[in-house]
Amino acid sequence: MDHEKPEVVMSQLYEYASENTRSTLSPDFDFALEPPVEEPPNVEDRRERRGESLCTIGNGLFLGSGTSLAVAGPGGAVLCYIIMGTVISSVISCLGEMTSLMPVNAPVMEFPRRFLDRGVGFAVGWMYWFAYAILAADELVAVSNTIKFRYDDGRTFLNWKIGEDVDTGVWITVFLILAISINMFPVKVFGELEYVFGSIKITFITMLIVLMLVIDVMKPRSNSYYTESLGSKYWNDPYSFFNPKYAVSDENGNLQRTITGTAGIFLGIWTTIIHVIFSYVGMDIIAATAAESKKLADAESMKMGARKISLRIITLYTFGMLLGSFVVPRDHPFLNGGGQSVGSHSIYIIAAVEAGLPSAAHFFNAIFVFSSFTCAINSTYVASRVLYTLALQDQTGPEFITRRLRQCRSGVPIRAVGATGILLLVSYLGRTGTPGQRLSELASNCTVSCLILYVVICATYLKFFQTLADVKLYGNASEAQAAMYDRDNARYPYKSHGQWLKACYGLVACTLLVIFNGVGPLLEHPFDTRRFIASYIGVPLFVFLILGYKIRKHGFKIQNWGPERSNDLRNTIQTNSDVRVGRLELPDDGIFTKENGRTFVRWVWVWLK
């Protein structure tokens with residue numbers, strides 16, 4: 001079909017020459033043919049916002065690593081973080097390359113519109129908004145639950161009286177208002193706050209890793225729970241690398257049966273990988289913030305941001321899990337159904353208490369509260385920007401609603417933030433009992449929805465990759481224009497070697513996770529229908545949204561439901577220098593020279609800042 005052929009529709013090709021200016025590469029281009037699907041103007045209000053986000057670090061590691069350790073064993077838990085880290089890194093590389101070349105609003109939904117189908121972009125947009133709004137609500141519940149800190153193992157008693165005495169609904173209300181208020185700040189202020197929040201968390205997790213190492217090798221304190229340094233005790237017999245037993249429990253935590261041997265190890269690893277996904281959800285925010293980054297004048301900012309956030313979070317998460325597994329055994333009662341609060345299930349709090357550092361446990365729990373709150377702020381931010389982009393594309397319903405959702409003040413889509421805040425009211429379901437279970441199931445469904453989005457991102461990249469290759473074959477672009485699409489060109493913004501293989505890897509891995517994420521409910525007796533539906537409802541919802549778009553646009557004329565894509569490569573950018581940021585190139589022939597030393601220090605700083 002003609003509309004599937006890549007089109008050279010570059011009415012505007014820009015190169016960043018300085019921080020606030022663009023220079024036209026070539027004003028005269030000879031188009032092969034008219035674009036079959038017209039693209040609406042992409043309204044991008046370039047606002048003052050810092051570069052890569054660090055606020056994606058959340059309680060998936062701090063509070064969820066205990067479950068991973070108990071189910072998969074020490075080696076299995078670390079392996080799960082590494083495997084899922086490589087999958088997410090592959091997805092972020094795909095998204096990062098496309099966004100580096102074409103910085104747009106809400107790239108997670110915009111690129112599928114261009115390279116797969118407009119209906120897919122529509123479905124992704126609404127699922128993306130709903131997923132992050134619900135995740136924000138879940139984080140607010142996590143804040144209120146973490147404040148109710150209580151730790152009592154018969155030897156050490158710790159508690160936060162203010163958390164126990166104040167109703168959960170009060171804490172949800174306080175932090176909900178704060179999260180919405182902070183999202184109303186001008187983007188420059190919000191970006192600076194986010195950078196500070198992220199820096200605090202990345203400093204804390206680094207300190208946490210160092211402390212776990214010290215606890216593991218140091219001579220025990222007089223008030224610690226053990227008399228000899230731990231070393232690799234909890235990796236050796238009788239604990240082992242993997243947990244050979246997989247416990248099947250109902251929703252109330254009652255043990256139904258135990259699966260042992262190879263099948264038990266496999267089930268433990270698989271369910272832990274699915275559990276670990278939650279820790280990595282949110283890394284795509286590096287691309288979601290692209291259109292508001294003041295660093296977009298540097299075409300390589302997205303490349304460095306994507307690489308640094310992947311390197312930092314995956315490395316820190318893996319080391320955090322590794323060192324935590326050395327100081328807490330997988331059969332600790334607080335990791336297997338015991339404990340009096342959410343914080344008491346954290347391997348880091350358990351390690352601090354048993355090492356004779358109860359004051360550190362209080363500090364850790366305070367950071368966990370802070371971490372959940374900042375994640376709620378960031379999730380609200382992403383959801384509001386997606387809703388704003390949907391409004392820009394007239395995909396939010398009646399005109400009077402759409403017009404209001406487009407309204408901005410100081411660069412902030414205040415109505416979109418307010419509409420997202422209304423959905424956050426579902427966090428009150430998490431106050432007690434069964435409603436809290438319903439919210440947990442919604443959050444589980446949203447994690448699966450994010451997996452569907454990752455599948456779409458990888459598929460979109462493969463089509464984007466094919467489009468770049470086809471332009472060389474079918475396009476009649478000028479030499480300057482063709483250089484914009486050449487991944488081997490020195491000024492191509494971001495190229496990850498073997499990226500199409502990474503896209504295939506991410507596509508297959510995330511597809512398998514979507515298909516088999518509901519293994520747990522299948523093993524229960526009787527069959528847990530509600531959890532099973534929560535695990536898979538995202539798939540038919542995704543299909544329903546695509547069909548709804550097609551029916552709204554074409555009615556029931558199925559012959560017109562074919563792919564609607566423009567393969568649009570509009571508004572691509574290049575770097576302004578052949579010298580690439582983040583690449584170590586020593587200027588002098590000798591290794592130990594003054595200039596080489598300065599270059600090395602600058603290179604280290606680029607990766608650390």
Side-chain angles (χ1 to χ4, degrees), residues 59-81 150-158 208 211-213 215-217 220 224-276 279 318 320-358 361 364 519-520 523-524:
N59 284 341
L61 172 70
F62 299 146
L63 299 179
S65 53
T67 301
S68 301
L69 177 61
V71 175
V78 174
L79 185 62
C80 289
Y81 272 91
R150 185 181 182 88
Y151 188 103
D152 186 5
D153 61 0
R155 181 169 175 177
T156 300
F157 176 76
L158 308 171
L208 195 65
L211 180 61
M212 292 301 107
L213 177 61
I215 290 175
D216 183 50
V217 300
S224 64
Y225 285 30
Y226 39 84
T227 57
E228 297 180 353
S229 60
L230 296 173
S232 59
K233 173 182 177 181
Y234 297 137
W235 282 60
N236 301 328
D237 288 336
Y239 296 102
S240 71
F241 191 88
F242 296 110
N243 184 356
K245 299 179 180 180
Y246 179 76
V248 180
S249 304
D250 60 24
E251 64 177 10
N252 297 318
N254 300 316
L255 180 65
Q256 294 184 338
R257 59 195 173 105
T258 301
I259 301 174
T260 59
T262 304
I265 293 175
F266 175 78
L267 288 171
I269 293 293
W270 183 257
T271 54
T272 301
I273 286 177
I274 295 171
H275 174 74
V276 165
S279 300
T318 301
M321 185 68 252
L322 176 65
L323 272 301
S325 67
F326 278 114
V327 293
V328 177
R330 62 173 171 80
D331 62 350
H332 193 283
F334 281 10
L335 303 183
N336 293 272
Q340 301 80 30
S341 65
V342 172
S344 67
H345 301 151
S346 170
I347 58 176
Y348 306 108
I349 287 180
I350 294 172
V353 170
E354 297 192 351
L357 302 169
F364 289 174
V519 169
L523 298 174
E524 295 181 23

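Keep in mind that what you see is a predicted model, and the values were worked out from it rather than measured.
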Contact summary for Arg155 and Ser224, nearest pair of heavy atoms: NH2-O, 3.2 Å

Those residues that, when tested against Thr260, pass side-chain contact (heavy atoms from CB on, under 4.5 Å) (two or more places apart): Lys245, Thr258

pair Ile269-Phe242: side-chain heavy atoms closer than 4.5 Å: yes

By side-chain contact (heavy atoms from CB on, under 4.5 Å) - contacts of Asp331 (at least two apart): Tyr239, Pro329

With Trp270 via ring-ring contact (aromatic ring centres under 6.0 Å, His included) - residues at least two apart: none

Taking only distance into account, with no hydrogens and no angle test, what donor-acceptor pairs under 3.5 Å do side-chain atoms of residues 334-358 form with protein atoms, sequence neighbours excluded?
{"residue": "Asn336", "atom": "ND2", "partner": "Arg330", "partner atom": "O", "Å": "3.0"}
{"residue": "Asn336", "atom": "ND2", "partner": "His332", "partner atom": "O", "Å": "2.8"}
{"residue": "Gln340", "atom": "OE1", "partner": "Asp152", "partner atom": "N", "Å": "2.8"}
{"residue": "Gln340", "atom": "NE2", "partner": "Asp152", "partner atom": "O", "Å": "2.9"}
{"residue": "Ser341", "atom": "OG", "partner": "Arg150", "partner atom": "N", "Å": "3.1"}
{"residue": "Ser341", "atom": "OG", "partner": "Arg150", "partner atom": "O", "Å": "2.8"}
{"residue": "Ser341", "atom": "OG", "partner": "Ser344", "partner atom": "N", "Å": "3.4"}
{"residue": "Ser344", "atom": "OG", "partner": "Gln340", "partner atom": "N", "Å": "3.2"}
{"residue": "Ser344", "atom": "OG", "partner": "Ser341", "partner atom": "N", "Å": "3.1"}
{"residue": "Ser344", "atom": "OG", "partner": "Ser341", "partner atom": "O", "Å": "2.6"}
{"residue": "His345", "atom": "NE2", "partner": "Gly338", "partner atom": "O", "Å": "2.8"}
{"residue": "Ser346", "atom": "OG", "partner": "Phe62", "partner atom": "O", "Å": "2.9"}
{"residue": "Ser346", "atom": "OG", "partner": "Tyr348", "partner atom": "N", "Å": "3.2"}
{"residue": "Tyr348", "atom": "OH", "partner": "Gly320", "partner atom": "O", "Å": "2.9"}
{"residue": "Glu354", "atom": "OE2", "partner": "His332", "partner atom": "NE2", "Å": "2.8"}

Heavy-atom check, side chain of Met212 versus side chain of Leu322, under 4.5 Å: no

Contacts of type side-chain contact (heavy atoms from CB on, under 4.5 Å), residue Leu267, not counting sequence neighbours: Tyr246, Ile259, Val519, Leu523

Heavy-atom closest contact (Pro74 atom, Tyr234 atom, distance): CG-O, 3.7 Å

Straight-line distance of Ile215 CD1 to Phe326 CZ, nearest 0.5 Å: 14.0 Å

Check: Phe241 and Trp235 side chains under 4.5 Å, non-hydrogen atoms: yes

Nearest heavy atoms of Asn243 and Ala70, plus distance in Å: ND2-O, 2.8 Å

Heavy-atom pair of closest approach, residues Thr272 and Ala72: OG1-CB, 3.4 Å

Sequence-distant partners of Phe266, ring-ring contact (aromatic ring centres under 6.0 Å, His included), two or more places apart: none

Non-hydrogen atoms of Asn236 and Ser232 that approach each other most closely: ND2-O, 3.1 Å

side-chain hydrogen bond (donor to acceptor under 3.5 Å, both in side chains) partners for Thr156, two or more places apart: Tyr225

Close side-chain approach of His275 and Thr67, heavy atoms under 4.5 Å: yes

Contact summary for Leu69 and Met321, nearest pair of heavy atoms: CB-CE, 4.0 Å

Test side-chain contact (heavy atoms from CB on, under 4.5 Å) applied to Ser229 - qualifying residues, sequence neighbours left out: none

